[in-house]
Amino acid sequence: MRNEQVPDRNIAMELVRTTEAAALAAARWMGRGDKNASDQAAVDAMRLMLDTVSMDGVIVIGEGEKDEAPMLYNGERVGSQDGPQVDVAVDPIDGTRLLALGRPGALAVVAVSPRGTMYNPGDVFYMEKIAVGPAARGMIDLSAPVVWNIQQVARANDLAVEEVTVVMLDRDRNTALADQVRAAGSRIRFISDGDVEGAISAALPGRGVDMLLGIGGSPEGVITACALKSMGGDIQARMWARDDNDRKVAAEQGISFDQVLTIDDLVGSDDVFFAATGITTGDMLRGVEYVPGGAQSESLVMRSRSGTMRRITTDHRWRKLQSISGDRYAVDERE
């Protein structure tokens with residue numbers, strides 16, 4: 001375990017205010033087809049609220065240049081600067097395309113761990129991942145064949161191999177893995193975006209998903225590790241190169257494409273905080289719903305050290321939010 005300054009209180013309850021703010025700002029853009037505008041709204045709202053959290057934070061996993069979107073950039077200082085020193089991972093919109101197209105499953109996400117404990121994937125934006133819930137913790141091996149991992153998950157969950165459901169991003173880069181899942185006889189639930197939600201669903205009971213497999217974003221992989229550390233689940237990952245430029249960048253930054261990263265490599269602390277708020281309604285969380293004079297949101301808030309997992313439904317009133325934050329919300333002038 002790395003040297004760390006352990007927060008002495010549960011700041012997850014402060015962090016959820018940041019994901020709520022991002023979700024409320026982004027939800028206005030549902031289905032409007034503008035990824036960058038929705039991301040800018042979420043980033044601005046999240047940054048505003050992050051600076052109210054009692055922490056001395058540095059963003060390790062921020063908005064990447066991959067989507068050419070506005071950023072909460074890596075290395076940015078956030079928080080009130082008078083609390084514990086922490087690493088911060090943010091994804092103001094996990095599923096920007098989902099939101100732009102008005103599809104289910106977009107989330108606002110933030111995770112925090114003690115300073116120096118989050119893995120930094122540098123400028124390599126993709127990794128291969130396998131993620132499972134608590135029952136299969138310690139039973140997976142990314143270097144082993146897909147069928148072996150499915151058999152392990154089936155055994156852990158008291159299922160037949162044919163009853164195991166694998167969630168996977170629907171991408172050409174995952175075709176070979178999908179073929180191996182089919183050859184094993186297991187089921188696949190393809191998702192268009194949002195593998196953070198996919199992995200969390202695999203760790204939540206009653207969601208109809210048993211494991212996540214496939215190549216997705218590396219920033220999302222670190223955020224997923226924070227969530228699964230809080231839930232008692234497990235994840236392994238290996239960096240993945242799209243092309244020769246990725247291999248060149250990795251060589252310059254000392255990143256290996258052969259190393260299998262365990263959950264402790266991805267987040268090397270047992271005191272991790274995680275918060276997510278639904279933007280559009282998905283399998284895990286309800287999205288933002290508008291009511292006269294305000295909105296309702298649903299969030300998931302977790303801390304690994306205590307093992308607490310809270311599902312929070314919040315009623316927001318536009319006038320109250322404006323008086324607290326100074327930010328502009330749409331207010332019905334008839335009120």
So which residues get pulled into Ile312's cluster when ILVMFWY side chains under 4.5 Å apart are joined, directly or through others? Met13, Val16, Val301

Please determine if Glu76 and Arg47 form a salt bridge, counting it only when a charged side-chain N lies under 4.0 Å from a carboxylate O. yes

Pairs meeting criterion side-chain hydrogen bond (donor to acceptor under 3.5 Å, both in side chains) with involvement of residues 190-200, two or more places apart: Arg97-Asp193, Lys129-Asp195, Arg171-Asp193

Can you tell me if Arg77 and Gln81 form a side-chain donor-acceptor pair at under 3.5 Å? yes

Is Arg303 paired with Asp271 through a side-chain N to carboxylate O contact shorter than 4.0 Å? yes

Check: Pro121 and Met239 side chains under 4.5 Å, non-hydrogen atoms: yes

Can a donor-acceptor pair be found between the side chains of Thr165 and Arg187 at a distance below 3.5 Å? yes

Step-by-step side-chain hydrogen bond (donor to acceptor under 3.5 Å, both in side chains) determination, Gln40 to Asn36: CA-CA 6 Å; Gln40 182 70 70; Asn36 283 358; over 6 Å; no

Side-chain donor-acceptor pair present, Thr277, Thr19, cut-off under 3.5 Å: yes

Glu289 side chain to Ser297 backbone, donor-acceptor under 3.5 Å: no

Above 12 or not: heavy atoms from other molecules or residues under 6.0 Å from CE of Met30? no

Any sub-3.5 Å donor-acceptor pair from Asp270's side-chain atoms to Arg305's backbone N or O? no

Looking only at atom types and distance, does a side-chain atom of Asn74 sit under 3.5 Å from a main-chain N or O of Gly62, one as donor and one as acceptor? yes

To the nearest 0.5 Å, tell me how far Ile191 CD1 sits from Leu212 CG. 6.5 Å

Gln152 and Val132, any side-chain heavy atoms less than 4.5 Å apart: no

Output yes when a side-chain donor or acceptor of Asp51 lies under 3.5 Å from a complementary backbone atom of Gly79, and no otherwise. yes

Check: Lys229 and Phe274 side chains under 4.5 Å, non-hydrogen atoms: no

Please tell me whether Thr262 and Asp264 have a donor and an acceptor in their side chains that are separated by less than 3.5 angstrom. no

Which of parallel (below 30°), tilted (30 to 60°) and perpendicular (above 60°) describes Tyr126 and Trp240? perpendicular

Does the Asn174 side chain pair with the main chain of Ile215, one donor and one acceptor, at a distance under 3.5 Å? yes

Heavy-atom closest pair, residues Val109 and Ala276: CG2-CB, 4.1 Å

Side-chain H-bond candidate by donor/acceptor type, Asp141 with Ser143, under 3.5 Å: yes

If only atom types and distance count, is the side chain of Gln253 paired as donor or acceptor with the main-chain N or O of Ala250 below 3.5 Å? no

Taking atom types as modelled, find out whether Glu20 and Thr314 have a side-chain donor-acceptor pair closer than 3.5 angstrom. yes

When you measure from the side chain of Thr280 to the backbone of Gly287, do you find a donor-acceptor pair of N or O atoms at a distance under 3.5 Å? no

Mind jotting down which residue pairs meet the salt bridge (charged side-chain N to carboxylate O under 4.0 Å, His left out) criterion with at least one end in residues 274-283? Sequence neighbours excluded, please. Arg189-Asp283

pair Val112-Val272: side-chain heavy atoms closer than 4.5 Å: no

Hey, is the main chain of Val153 close enough, under 3.5 Å, to the side chain of Asn157 for a donor-acceptor pair? yes

